Amino acid sequence: MIYILNSHGHPLMPTENHAKIRVLLKQGMAKVIKRCPFTVQLLHETTNFVQDLTLGVDAGSKKVGVSVTNETTEFYSTVVELRTDIVGLLSERRQYRKEKRNRLRYRKPRFNNRTASKKEGWVAPSIESKIKTHLRVVDDVMKILPVSKIIVETASFDIQKILNPEIQGTEYQEGETLGFWNIREYVLFRDGHTCQCCKGKSKDKILNVHHIESRQIGGNAPNNLITLCETCHTAYHQGEVKLPKEIKRNHSFRDAAFMGIMRWAFYNRLKEKYPNVYMTYGYITKNTRIKNNLPKEHYIDARCITGNPTAKPLGITYFQKKVRCHNRQIHKAKILKGNVKKRNQAPYEVKGFRLFDKVRFQNKECFIFGRRTSGSFDIRKLNGEKIHAGISYKKLQLLEKRKTILTEIQMQL
């Protein structure tokens, strides 16, 4: 499928007549705008007749499914993988700033300066990034296809109902920590004030509350905390003791909480930019998919969301991945001998290549995931498949300079 823009940059109906596009390009009557998905712009005036197309968006916390269809045909299909590293990066930055305040001169954190969180509509940076990626994906589709209607699937999760199906009324206000001063007191009471590793064999009376998953990833939820004595806690962090296999965190509702926060923010921002935006729900999509005997895939869910589940599949789907835009940490945290700070930022270009540039190697399209000043690069597919861990830059052909959303073609099931 080749996507077409008119001379003013507005999208027209795509075509599968590759020969005609090849002739237009050869005659100078069109030019290439984008390589993947392949998009051309006409350089002469033409009619602007288009059909009504529907865009379906299967919103998610880790992956987004997108499909554009009419009653008979699918014109676009993609799955976008979102970033999941922002929480860890923010925690690392917080650690560096705290260390800097104490190393140079002590200064208390200035909480009152944080005015951004007081603005109406503010959401956490990790959620804001995912919402913006959702909007960016929709914008990219609107630039190449004449979409007249957008349908977004959002989900609402009742987490307390999942934990306790019989909950009702005022029980929603009575959580598991009701009657305790704080979560620590509740965890100690729940575990019987007994170390869950040695079961009191160490005779250590000092008890600590330990995070099963790190705090920056798992948070302070009670199901992520257990009681350990001082002896076992110290030995665990020194690598001398391992926790029993039965100690593991229960199911995390991080993704469900994200969807509950972002669904209205994404929907309302989308309505501000485009007309004819509608909302649907997961149970409707599931019913449509099962009724038409379709497999569970994000791009198939998106096709069901458009209301045209029986439309002829495109045959290929695009896999996209959101990557980091910048790395603002100038130096490594560890100082080398001679009080030398090693730079954390690589040069802008190494041998003419940037990180995440799309290249061709042995008739395979892949991306640069690592660079060395010697000119030896690590190249991979977007799904993580390794092509070569140290190939010379001389054997690579540059196809596209890096973007914040990388794209490659995959075959549909």
Side-chain angles (χ1 to χ4, degrees), residues 83-111 113-114 125-126 129 197 206 208-220 228 230-243 321-359 361 366-382 384-396 398 401-404 406:
R83 290 182 62 185
T84 57
D85 60 340
I86 293 180
V87 173
L89 292 172
L90 290 174
S91 180
E92 184 179 356
R93 185 183 68 178
R94 181 170 61 247
Q95 172 189 340
Y96 287 148
R97 288 181 172 179
K98 181 178 180 180
E99 182 182 339
K100 180 180 177 182
R101 287 198 304 269
N102 287 276
R103 184 177 67 248
L104 300 180
R105 53 182 172 79
Y106 180 72
R107 176 181 66 76
K108 292 183 179 180
R110 297 171 180 169
F111 293 100
N113 288 356
R114 302 176 184 184
S126 56
S129 170
C197 183
I206 301 177
N208 294 320
V209 174
H210 170 71
H211 291 82
I212 300 173
E213 292 181 354
S214 65
R215 184 184 62 82
Q216 72 177 35
I217 297 175
N220 292 322
L228 294 180
E230 181 76 16
T231 302
C232 292
H233 194 226
T234 302
Y236 173 80
H237 285 289
Q238 291 177 349
E240 300 172 358
V241 171
K242 291 185 177 180
L243 299 179
K321 186 173 183 178
K322 180 71 171 70
V323 294
R324 190 174 182 175
C325 301
H326 303 286
N327 181 6
R328 293 187 174 88
Q329 183 184 345
I330 301 175
H331 296 98
K332 298 281 189 183
K334 185 177 180 180
I335 300 177
L336 305 179
K337 290 183 179 180
N339 198 27
V340 176
K341 289 184 177 181
K342 185 177 180 180
R343 286 187 62 84
N344 187 58
Q345 296 175 340
Y348 184 80
E349 285 190 352
V350 176
K351 307 297 183 181
F353 292 91
R354 294 187 63 193
L355 192 66
F356 300 126
D357 279 353
K358 181 183 279 190
V359 295
F361 172 68
C366 46
F367 296 86
I368 297 175
F369 274 73
R371 302 174 298 164
R372 303 177 184 89
T373 53
S374 62
S376 178
F377 295 164
D378 179 10
I379 55 176
R380 308 179 191 178
K381 291 282 192 178
L382 280 188
E385 177 188 349
K386 291 188 177 182
I387 305 299
H388 205 294
I391 188 66
S392 171
Y393 75 96
K394 297 179 182 179
K395 298 182 180 180
L396 302 179
L398 179 64
K401 300 300 289 184
R402 64 155 290 166
K403 297 179 173 62
T404 56
L406 311 179

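The structure displayed is predicted, hence computed values, not measured ones. One-based numbering along the sequence shown.
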Would you please name every residue forming a ring pair (Phe, Tyr, Trp, His ring centres under 6.0 Å) with His233, sequence neighbours left out? His210, His237
When rounded to the nearest 0.5 angstrom, what distance separates NZ in Lys358 from CG in Leu382? 7.5 Å
Show the nearest heavy-atom pair for residues Cys366 and Lys381, with the distance to one decimal. CB-N, 4.5 Å
Would you please name every residue forming a salt bridge (charged side-chain N to carboxylate O under 4.0 Å, His left out) with Arg380, sequence neighbours left out? Asp378
Donor-acceptor pair, Thr234 side chain versus Glu230 backbone, under 3.5 Å? yes
Drop me the distance from Leu396's CG to Asp357's CG, to the nearest 0.5 angstrom. 10.0 Å
When Phe377, Phe369, Phe367 are each screened for ring pair (Phe, Tyr, Trp, His ring centres under 6.0 Å) with Phe356, the one that passes is Phe369
Quick check on Lys386: does its NZ atom have over 12 non-hydrogen neighbours (other residues, nucleotides or ligands) under 6.0 Å away? no
Tell me if a side-chain donor or acceptor on Arg371 pairs with a main-chain N or O of Phe353 at a distance below 3.5 Å. yes
Once rounded to the nearest 0.5 Å, what's the spacing between atom CZ of Arg324 and atom CZ of Arg83? 6.5 Å
Indicate the atoms forming the closest heavy-atom contact of Leu355 with Gly370, along with that distance. CD1-N, 3.9 Å
dist Lys351:NZ -> Ser374:OG (nearest 0.5 Å) comes out at 8.0 Å
CA sep, side-chain torsions, deciding dist, call: His388, Lys395, side chain to side chain contact (heavy atoms under 4.5 Å, CB included): CA-CA 11 Å; His388 205 294; Lys395 298 182 180 180; over 6 Å; no
Do other residues, nucleotides or ligands put more than 12 heavy atoms under 6.0 Å from Arg215 CZ? no
Looking at every non-hydrogen atom in both residues, tell me the closest pair between Val359 and Ile379 and how far apart they are. CG2-CG2, 4.3 Å
Test side-chain hydrogen bond (donor to acceptor under 3.5 Å, both in side chains) applied to Asn344 and Lys332, Arg328, His331, the passing residue: Lys332
Quick one: CD on Gln95 to CZ on Arg97, what's the gap to the nearest 0.5 Å? 13.0 Å
How far apart are the closest heavy atoms of Lys242 and Cys197, and which atoms are they? O-SG, 4.2 Å
Should we count OH of Tyr236 as having more than 12 external heavy atoms under 6.0 Å? no
For the CZ atom on Arg343, are there more than 12 heavy atoms of other groups (residues, nucleotides or ligands in this structure) within a distance under 6.0 Å? yes
His211 vs Asn220, test: side chain to side chain contact (heavy atoms under 4.5 Å, CB included). Steps then yes/no. CA-CA 8 Å; His211 291 82; Asn220 292 322; 2.7 Å; yes
I need the Lys322 NZ to Ile86 CD1 distance, nearest 0.5 Å. 7.5 Å
